[in-house]
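Notes to accompany the following structure.
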Amino acid sequence: MEKIKETLNYLRNKIDNFKPEIAIVLGSGLGVFCDDISGVSIKYSEIPNFLTSGILGHKGELVYCKIFEKNCVIMHGRFHYYEGYSMQDCTFWIKVLKMAGVKTLIITNAAGGINKGFNIGDIVLINDHINFMGTNPLIGRNNNSLGERFPDMSNVYDFNLRNLAKKCAYDLNIEIKEGVYLATTGPSYETAAEIKAFSILGADVVGMSCVPEAIVSNYLKINTLAFSIVTNFATGISKNKLSHDEVLLTGKKAGLKLSSLIKKIINKID
Ligand code: HPA
């Protein structure tokens, strides 16, 4: 709690009275979201208790801005468990943003397509997840002032927000798919046998983020919405080998479409 307050005080001094209500976390290659946005940027490296992200395609700054008159904060770059940080440290920022006033979190990420009906470049509205990371960011002593010890997980990806997302996609004539996100720790991609198993388990996409963030966001009672961009077919679904460059390139192209969808959703959020 002391750490959260210290970080919050630092940020408040930087941004005066700006109270963010909507947070957006940008996944690999989704930096295009910020291209037409002007705001106040603060580097993670300057923020007390924040980690620094060293992954290609992640900028590592918070951007405070207005999108359609709504007060927003963009996490331009996220922290991954595979970087060696604890689950708690990877999700610390969500607690800070909750205390800052954030009521809605929109998560974006790059993912591999498992569902054979999905194509590279597809936008997938995540309707549920499978935590295959073998750990949980809520492990440890619980602070009851933040959330419950055993949080319900039946509406992690908020039903009303998902409906709003579908309506906005329809209005913009953007096709979106829907499905279950399975998270592994990474950093190695999956084997073909693992992808086959995940498919049987009910996963539609696979990635190395999203789930810890969604668990903490739900715990804090922040309304959560999440999208994947299918940047590649998961191992064994196609014959090609996986490369991070391919992930970044596709992320950028579909990122433009997803950016306009998210902005429309922000416009329509009450
Ligand atoms: N697997 C795991 N994470 C990913 C993938 C994948 O195929 N593509 C992008 N992130």
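Order of listing sets the numbers, starting from 1, for every ligand and every atom in it. The first residue of the sequence shown is numbered 1, and numbering continues consecutively from there.
Atoms of ligand 1 found under 4.0 Å from any heavy atom of Gly207 (numbered from 1 in listed order, with element): 2 (C), 3 (N). Every atom of ligand 1 with a heavy atom of Asn232 under 4.0 Å away is listed here by number and element: 5 (C), 6 (C), 7 (O), 8 (N), 9 (C). The atoms of ligand 1 that sit less than 4.0 Å from any heavy atom of Ala111 are 5 (C), 8 (N), 9 (C), 10 (N). Each of the following atoms of ligand 1 lies closer than 4.0 Å to a heavy atom of Ala110: 9 (C), 10 (N). Taking every heavy atom of Gly112 and a limit of under 4.0 angstrom, the matching atoms of ligand 1 come to 5 (C), 6 (C), 7 (O), 8 (N), 9 (C). Annotation for ligand 1: atoms under 4.0 Å from non-hydrogen atoms of Glu190 are 1 (N), 2 (C), 6 (C), 7 (O). The contact set between ligand 1 and Thr231, taken as ligand atoms under 4.0 Å from a residue heavy atom, comprises 8 (N), 9 (C).
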Could you pull out every donor-acceptor pair under 3.5 Å between side chains of residues 179-188 and any protein atom, sequence neighbours left out?
unit_1, atom_1, unit_2, atom_2, d
Tyr181, OH, Met208, N, 3.2
Tyr181, OH, Ser209, N, 3.0
Tyr181, OH, Ser209, O, 3.3
Thr184, OG1, Gly186, N, 3.3

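The aromatic rings of Tyr44 and Phe50 lie tilted to each other, with the angle between the two planes from 30° to 60°.
Under the 3.5 Å distance criterion, with hydrogens and angles disregarded, no donor-acceptor pair is assigned to the side chains of Asp89 and Tyr81.
Ion pairing between Glu148 and Lys221 holds under the 4.0 Å rule for side-chain N and carboxylate O.
If you look at His129 and Tyr157, their ring centroids are closer than 6.0 Å.
In this structure, the side-chain contact (heavy atoms from CB on, under 4.5 Å) partners of Ile4, at least two apart in sequence or on a different chain, are Met1, Phe92, Lys95, Val96, Met99, Leu146.
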